[in-house]
Amino acid sequence: MRLSRLLFVTLREDPADAEVRSHALMARAGFIHKLAAGIYVYGPMMWRVLRRIENIVRDEHDAAGCHEMLMPALQPRELWEESGRWERYVKDGILFNFRDRKGSQMCLGPTHEEVITTFVKRQVQSYKQLPVTLYQIQTKFRDEIRPRFGLMRGKEFIMKDAYSFDVSEEKMAESYALMRTVYRNVFTRCGLRFTPVQADSGAIGGCGSEEFMVDAETGEDGIAVCRASGYAANLEKAVSVIPAGAQPSVEVAMHKEPTPGAKSCEALLKLFPELPMTRLLKTLLYKVTYADVDAGESEGIVAVMCRGDREINETKLSNYLNALALDLASEEQVKAATAAEVGYAGPIGLAKHVRLLADSSVEGVKGFLCGGNETDMHYLDVYFGRDLEQPETADFGTVQAGDTVVDGDGKIEITRGIEVGHIFQLGTKYSEAMQATFSDENQKTQVMWMGCYGIGVSRVAASAIEQNHDEGGMIWPLPIAPYAVHLVQMKAGNEEQDALAQEIHDKLEASGVDVLWDERKKVNPGAKFKDADLVGIPLRIVVGRDAGERKIEWSVRTDTATKESLDANQAMERAIRLVQESGR
RNA sequence: CGGGGCGUGGCUCAGCCUGGUAGAGUGCUGCGUUCGGGACGCAGAGGCCGGAGGUUCAAAUCCUCUCGCCCCGACCA
């Protein structure tokens, strides 16, 4: 492609509204253009990248026996009533929904379990038709609370979603395992460094699930990993062995002490410097909204205890309570529950309507300090079993760096990642709700077992840049780069250079290597190099002063400082070989 | 939703406090010189200052409302 014929506009400075590098660089290079918050135009260069990623996705899915299809983005409310998700998704606000001219309620699909299940239940009648895994690559719509970071979290984004249907739980697990391999292959081929982690299954529902995290400091997700055991889990899900804290040397009776103004663990430690943080138990109050099958929904107040040096994990708590929504209690609710100002909540003497729970970090803690449910008062030297019953206890805590893994004696580290893929074993949640059944060998009606599998295609592109860039610009992995070769012609109009560049361009294209040929006139060499660095095409061939001897300068985007003088034929052979090796 | 910040040629910003002829850099157009890491000269085009109302002889500037965008927080007591 001749660059002068492409709509090629680059900016010298970062757009003011771009925060992360991937966003700023793609915007500067004209790959994307923001239309509104979380809504982007994909320019021609970006589209080439996205198509590359899509084709890798297709290739791997097709190789695993999946079938591509396409479902409507526009969906009727009734479908979502069948699965029972309409209310929750509307309440969350995530669902773009509206009425058509007849007044029927519709939504723009944030995901497609309902549609696929409806389709498959019509198509599949017999066990002989199973297993089957279908997928599509399509734009998804989600009214995110806070779209941000360019393509990382948009209201509209490109997703590959796949759905497997099996005759049994065991077969579902097999389909799931196969898909896990597909995912590893896809992300490896995209040139990403990633970590598969155990994950919470969230609003989609179901049992086991794993996320594929691109290793990046700018990631929105925290991950707990252990190098020794290979354990890796999203912080929302991760479990660990909590290090024990110091014990008191002598046992004394519980007593209530004035603690004026001490509303935080830090403030309390100043008042009682001899106490370790592990002997402070904090009590957090939450407002919980329950999904009540009969009564619609109901609210309640839950108090959760946790050791002073630990944090409550709201995802775990919410799952345990089977809550529709979980929020910290308001000041008024705290006052009603504790008869005190905010900051003095404790397990003793809570209002009757409060349900008391404890995180497992409180287990074995003796002689602890806790809130007095009275302003400016705390209890000291409290013992479970002696002064009060230990409340209903479960794991509601967030894993911390330095904790011991549950499957060995390795230590946990916390890293960050960008979620580019998520695979679920759904079980029968949707097939049961929507009656997706089949006849087995014995003519018995059985419910299908489902799995679902998503890849954020546009997010893959953004995370590739988040992971691969430098001062000068983007560095695309060869398999997903917009072009394989950037052919930089120093002086357009020079006969020798024109001839050699044209030859290289034509021969490479004929060999299946796509070339972006910068043959702009009146653009100085420096500007061409800056542009080449910015767009980040991995292989570079510079046609310049030695064109007469068929000599070019070869370099790669990962190391533009190292330049090699090569014969043109040699360079073309090398480019062709590298492209073939990359599986592009 | 709550809090903070910002809307001025395509892009990055100044001007606003203290009201009085709308600016710079970059980009764009033309001509000439230059030509291996964002060259230079000359000549140009391009903005009802996000929108609406108000105050005033006069508003980018002051006041009110509104829309949009960005960041932080989702109150860890």
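These numbers come from the heavy atoms of this one structure, side chains and all, not from hydrogens, waters or symmetry mates. Throughout, protein chains are lettered first and strands after them, A, B, ... in sequence-line order, and every chain is numbered starting at 1.
With Leu357(A) as the fixed residue, the side chain to side chain contact (heavy atoms under 4.5 Å, CB included) test singles out one of Thr283(A), Ile312(A), Leu317(A): Leu317(A). A side chain to side chain contact (heavy atoms under 4.5 Å, CB included) with Glu299(A) is found for one member of Thr289(A), Asp327(A), Val288(A) and no other, namely Thr289(A). Of the candidates Leu328(A), Ile301(A), Leu321(A), Leu328(A) is the only one forming a side chain to side chain contact (heavy atoms under 4.5 Å, CB included) with Tyr286(A).
As judged by a 4.0 angstrom heavy-atom cut-off over every strand, Glu331(A) is placed among residues making no nucleic acid contact. Within the nucleic acid shown, Arg148(A) comes within 4.0 Å of sugar-phosphate atoms alone, with no base atom in reach, counting heavy atoms only. Across all strands, Ser330(A) comes closer than 4.0 Å to no nucleic acid atom at all (heavy-atom distances). Nucleic acid contact class of Ala18(A) (heavy atoms, under 4.0 Å, all strands): none.
In a base pair of the Watson-Crick type (N1 to N3 plus N6-O4 or O6-N4) or a G-U wobble (N1-O2 and O6-N3), with each distance short of 3.5 Å, rG68(B) is matched with rC6(B). Nucleotide rC35(B): unpaired (no Watson-Crick or G-U wobble partner with both distances less than 3.5 Å). Both distances falling under 3.5 Å, in either a Watson-Crick or a G-U wobble arrangement, occur for no nucleotide opposite rG46(B). Under the Watson-Crick or G-U wobble criterion, with both distances below 3.5 Å, rC62(B) is paired with rG54(B). Under the Watson-Crick or G-U wobble criterion, with both distances below 3.5 Å, rC1(B) is paired with rG73(B). With a 3.5 Å ceiling on both atom-pair distances, rG19(B) lacks any Watson-Crick or G-U wobble partner. With a cut-off of 3.5 Å on both Watson-Crick or G-U wobble distances, the partner of rU12(B) is given as rA24(B).
Scanning all heavy atoms of the two residues, the minimum distance from Ala29(A) to Met474(A) falls at CB-CE, 3.6 Å.
Here the side chain of Ile145(A) is nearest to one of rU12(B), rA74(B), rC76(B), namely rA74(B). Closest to the side chain of Glu19(A), from the set rC71(B), rG25(B), rC69(B), is rC71(B). The side chain of Leu328(A) lies closest to rC75(B) when the candidates are rC75(B), rU12(B), rC70(B).
Of the residues in residues 359-369 of chain A, none has a non-hydrogen atom less than 4.0 angstrom from any atom of RNA chain B. Residues from residues 342-354 of chain A placing a heavy atom under 4.0 Å of any atom in RNA chain B, listed by number, are Val342(A), Gly343(A).
Following rounding to the nearest Å, Arg520(A) (CZ) and rC35(B) (C1') show an atom-to-atom distance of 14 Å. Leu281(A) has its CG atom 14 Å from the C1' atom of rC76(B), to the nearest Å. As a whole-Å value, the separation of Leu317(A) CG from rC76(B) C1' is 12 Å. Between the CE atom of Met490(A) and the P atom of rU34(B) there is a distance of 18 Å, given to the nearest Å. Between Arg153(A) atom CZ and rC70(B) atom C1' the separation is 17 Å, expressed in whole Å. We find that CG of Leu357(A) is positioned 20 Å from P of rC76(B), with the value rounded to whole Å. Rounded to a whole Å, the NZ atom of Lys491(A) is 12 Å from the C1' atom of rU33(B). Residue Ile312(A) contributes atom CD1, which lies 15 Å from atom P of rA74(B) at whole-angstrom precision.
Judged by a 6.0 Å distance limit and a 45° cone about the ring axis, Arg153(A) is not positioned over the six-membered ring of Phe149(A). Both tests do not hold together for Arg459(A) against Phe157(A): distance to the six-membered ring centre under 6.0 Å, angle to the ring axis within 45°.
Each of His378(A) and Val543(A) was assigned the nucleotide of RNA chain B with the nearest heavy atom; the assignment lying further toward the 5' end belongs to Val543(A). With RNA chain B read from its 5' end, the first of the two nearest nucleotides for Gly308(A) and Ala36(A) is the one closest to Ala36(A).
Between rA22(B) and rC49(B), the two P atoms lie 11 Å apart (nearest whole Å). Between rU29(B) and rG10(B), the two C1' atoms lie 14 Å apart (nearest whole Å). To the nearest whole angstrom, the two P atoms, one in rC71(B) and one in rA24(B), are 32 Å apart. For the C1' atoms, the distance linking rG53(B) with rU12(B) amounts to 32 Å, nearest Å. When the C1' atom is compared between rU55(B) and rU61(B), the two are found 13 Å apart, to the nearest whole Å. Nucleotides rU8(B) and rC48(B) are separated by 13 Å at their P atoms, to the nearest Å. When the C1' atom is compared between rG41(B) and rU21(B), the two are found 29 Å apart, to the nearest whole Å. rG51(B) and rC42(B) have their P atoms separated by 34 Å, with the value rounded to a whole Å.
Contacts of Lys411(A) classified as side chain to side chain donor-acceptor pair (under 3.5 Å), with partners at least two apart in sequence or in another chain: Thr404(A). Arg520(A) pairs by the salt bridge (Lys or Arg N to Asp or Glu O under 4.0 Å) definition with Asp518(A), Asp531(A), not counting sequence neighbours. By the salt bridge (Lys or Arg N to Asp or Glu O under 4.0 Å) test, Asp506(A) is found to be paired with no residue, residues two or more places apart in sequence or in another chain being considered.
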| request: Classify every nucleotide of nucleotides 37-44 of chain B by which part a protein heavy atom approaches to under 4.0 Å, writing B for the base, S for the sugar-phosphate alone and - for neither, in 5'-to-3' order. | output: BBB-----

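A donor-acceptor pair under 3.5 Å is absent between the side-chain atoms of Asp533(A) and the main chain of Lys530(A), judged by distance alone. Under a 3.5 Å cut-off, the side chain of Gln400(A) and the backbone N or O of Asp309(A) do form a donor-acceptor pair.
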| field | Full working for ring-ring contact (aromatic ring centres under 6.0 Å, His included) between Phe384(A) and Phe368(A) | value | CA-CA 9 Å; Phe384(A) 286 127; Phe368(A) 56 83; 4.8 Å; yes

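A salt bridge is absent between Glu266(A) and Lys270(A); no separation between the charged side-chain nitrogens and carboxylate oxygens falls under 4.0 Å.
Ring centers of Tyr320(A) and Phe396(A): under 6.0 Å apart, within the cut-off. Annotation: Tyr40(A) is not in aromatic contact with His33(A) [ring centroid separation under 6.0 Å not met].
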